[in-house]
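Following: one structure in structure tokens, then a few remarks.
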Protein chains: 2
Amino acid sequence: MTRRSISIRDVAASAGVSVATVSRTLNSPAQVAASTRQAVLEAIRQTGYAANEAARNLRQRRTGAVVALVPNIANQFFSEILAGIAEVMWPAGYNLLIADTEADGQRPHRLPYIDSNRADGVILFDGAVPAEKVSSAAGRRAPPVVMACEWLPGLSLPQVRIDNVEGARLAVAYLAELGHRRIGHVSGPAANVLTRARMEGWCAVLDGCGLPRPEEWLFSGDFTLDAGMIAARRWLALDERPTAVFCSSDTMACGFIGALARAGVAVPDDVSVVGFDDIDLAAHLHPALTTVHQPRRRIGTAAAEALLTLMAGGKLTNTDTVLPVELTVRASAKPPR
Amino acid sequence: MTRRSISIRDVAASAGVSVATVSRTLNSPAQVAASTRQAVLEAIRQTGYAANEAARNLRQRRTGAVVALVPNIANQFFSEILAGIAEVMWPAGYNLLIADTEADGQRPHRLPYIDSNRADGVILFDGAVPAEKVSSAAGRRAPPVVMACEWLPGLSLPQVRIDNVEGARLAVAYLAELGHRRIGHVSGPAANVLTRARMEGWCAVLDGCGLPRPEEWLFSGDFTLDAGMIAARRWLALDERPTAVFCSSDTMACGFIGALARAGVAVPDDVSVVGFDDIDLAAHLHPALTTVHQPRRRIGTAAAEALLTLMAGGKLTNTDTVLPVELTVRASAKPPR
DNA sequence: CCGAGGGATGTAATCGTTTACAAGCCTCTT
DNA sequence: AAGAGGCTTGTAAACGATTACATCCCTCGG
């Protein structure tokens with residue numbers, strides 16, 4: 001434990017060269033003669049040397065880590081996105097840290113890592129974070145930030161996202177085409193940028209078709225299972241119920257459908273439902289959920305690649321990457337009776 | 001960007017003290033006079049100093065990170081456990097890295113981080129990893145390892161887990177008490193330690209009650225939604241079907257129930273189902289899932305605390321922490337017709 | 001035969017902390 | 001009055017890598 005770990009000096013001694021040569025063998029092999037390189041590599045193998053990251057990071061003035069800031073670690077929507085980020089960052093020599101911005105129900109979301117110099121880059125998934133904190137941090141010595149999924153209206157940070165308005169439009173247009181005239185919406189929190197965009201899509205289609213959208217058909221939620229359940233209760237309490245409902249997340253759609261089913265209301269026979277996200281579960285529900293598909297892994301890889309470019313000091317050719325969405329039609333929506 | 005960052009020297013200069021005093025103010029405040037401490041803290045505030053982790057880690061011969069190795073990042077069962085770990089590790093000054101051991105369908109699971117000296121400790125959630133890799137790494141300069149949820153049969157590493165046999169027993173005994181005589185089981189992969197323990201519980205209850213368990217009532221899966229769906233197909237194809245099924249994970253129970261529902265089979269009217277894990281979704285399904293509850297956050301915090309002790313060089317008083325399980329009764333099981 | 005030039009390697013400074021050791025200053029005891 | 005001992009604080013040596021600069025050696029053209 002306390003004994004000195006194997007350092008580059010040990011390798012150098014074993015190979016009969018200087019530490020500089022060992023370092024070069026590892027970092028710019030072309031620069032060292034083939035025979036020397038062989039000897040060094042052999043010495044590394046024999047000694048079981050593994051470079052000390054802290055020393056390398058100190059010298060190179062970096063931390064070797066990037067952090068993904070998600071609103072809530074436990075939200076499974078992010079897991080595949082994070083896997084996509086890790087897939088890009090690991091080979092590039094960066095560790096991925098994951099932290100959440102939610103201070104246990106506290107309103108103003110936290111921004112851990114953004115000003116402490118513990119990360120070389122940040123991928124931010126939370127558009128509800130105080131914009132001035134990000135911009136003021138950026139003024140100083142803060143690492144580059146890439147927004148993903150959500151965005152900060154005030155600032156023009158590089159973004160990777162989908163076309164949320166279009167996604168919502170696809171969903172609602174589909175319901176309208178099936179013949180629904182009364183189409184409700186279970187939304188996210190009012191302040192959320194995704195909520196606004198998706199609601200805009202819902203409004204646009206309804207207005208375009210001349211369909212009504214009374215206040216009580218808008219069920220305000222927060223993307224959780226519970227929110228879906230609460231929306232179901234409110235739907236059940238209505239006199240004139242929508243025959244179709246567009247949910248702003250699959251998770252809420254799950255909660256909504258589950259609560260309805262337990263109340264004896266069948267989807268899609270009594271009410272059609274369309275979700276948003278296409279999480280793994282969607283295809284396995286009963287009924288299988290018709291939903292707006294998000295390319296989650298690609299969101300992760302695209303954001304990671306953008307961040308790599310910025311960290312390398314490069315300029316992005318595209319600071320607003322909009323990935324395609326499509327409607328995945330399954331069984332939870334059908335024409336009204 | 002390229003300009004030198006604010007270091008401890010700048011703070012020292014600003015406060016009119018030496019760097020040692022600044023360092024001490026931060027790390028052992030009791031050692032420095034109150035007035036000096038004030039001055040230093042003020043200087044820190046003014047300069048906006050944040051310590052360089054790389055330098056500190058280098059000097060202290062640590063990495064400042066712990067890694068959680070899960071079989072699959074995308075598995076939502078782990079998310080709350082990870083949140084529990086982060087909750088303990090963050091205040092203790094450790095970053096949490098998350099990596100998966102699954103090399104895209106490759107059989108022998110990888111063990112990233114365990115021998116490269118990039119982490120001060122490891123929490124391992126995968127019992128399918130080659131035991132000799134862990135033990136050989138331990139022989140060398142490897143960081144302490146704590147197993148969580150799963151365990152490695154050969155080795156006696158410190159563990160945090162639940163009583164899986166007992167959990168399965170509770171589930172199956174409940175079904176037997178409801179009057180079921182034909183009770184099937186959807187299991188995990190044959191090689192998995194959890195699979196074995198839970199299957200043991202299933203067998204024990206059935207044997208104890210003198211109930212049969214023909215081979216075809218054992219549906220071998222792998223904890224995924226798809227596995228649940230496949231089990232459902234096999235169940236449907238049986239001549240003599242079990243009237244109740246105990247699933248080794250809620251995720252499989254979801255897939256199972258969903259596929260049955262789509263085939264027109266109702267739970268619990270036609271078949272009772274009990275799951276394992278009590279994921280968030282369980283309460284929101286239709287029918288709400290009766291399942292074995294795992295204290296996921298506590299698993300995370302307990303494992304994290306054990307690892308902290310080991311990293312501090314301490315001895316564990318308890319190297320095999322077994323947390324309580326209980327059956328959460330909801331609506332997916334009822335007496336057979 | 002000599003000097004230029006280039007490739008391979010070594011020397012040593014540097015990154016920003018922590019911490020062993022030394023030193024200074026008081027106070028208090030004898 | 002002198003020395004012991006307890007607080008504070010400063011000086012400087014690590015920690016283990018990368019990299020600018022110097023050096024050496026060899027080849028090749030004039």
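Reminder, nothing fancy here: chain letters follow the sequence lines and each chain counts from 1.
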Rounded distance (Å) that lies between atom P of D/dT8 and atom CZ of B/Arg37: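 It works out to 9 Å between those atoms.
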Protein-nucleotide distance (B/Asp10, atom CG; C/dG16, atom P), rounded to Å: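 From B/Asp10 CG to C/dG16 P: 9 Å.
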pair B/Ser7-B/Asn52: side-chain heavy atoms closer than 4.5 Å: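 Not in contact.
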Note, B/Leu307 side chain near B/Tyr94 side chain (heavy atom, < 4.5 Å):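 A side-chain contact is absent here, since even the closest heavy-atom pair is not under 4.5 Å.
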Looking at [options], which one has an atom nearest to any side-chain atom of [X]?
X	options	result
A/Ala55	C/dC15, D/dG16, D/dG10	D/dG16
A/Ala20	C/dT19, D/dG16, C/dG10	C/dG10
A/Arg59	D/dT19, C/dT17, D/dG10	D/dT19
B/Asn52	D/dC15, C/dA8, C/dG16	C/dG16
A/Gln60	D/dT19, D/dA17, C/dT11	D/dT19
A/Ile8	C/dT17, D/dT18, D/dT9	D/dT18
B/Val17	D/dT18, D/dG10, C/dT11	D/dG10
A/Tyr49	D/dG10, C/dG16, D/dA17	D/dA17
B/Arg24	C/dT18, D/dG10, C/dC15	D/dG10

Base C/dT18 paired with B/Arg56 side chain (donor-acceptor, <3.5 Å):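 Between C/dT18 and B/Arg56, which were checked side chain against base, a qualifying N/O pair under 3.5 Å is absent.
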Heavy-atom pair with the smallest gap, counting every atom of B/Thr309 and B/Lys315: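 Of all heavy-atom pairs spanning B/Thr309 and B/Lys315, the closest is CG2-O, 3.9 Å.
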Touch class at under 4.0 angstrom, heavy-atom based, for [X] against every strand present:
X	value
B/Asn27	sugar-phosphate
A/Ala54	nothing
A/Thr21	sugar-phosphate

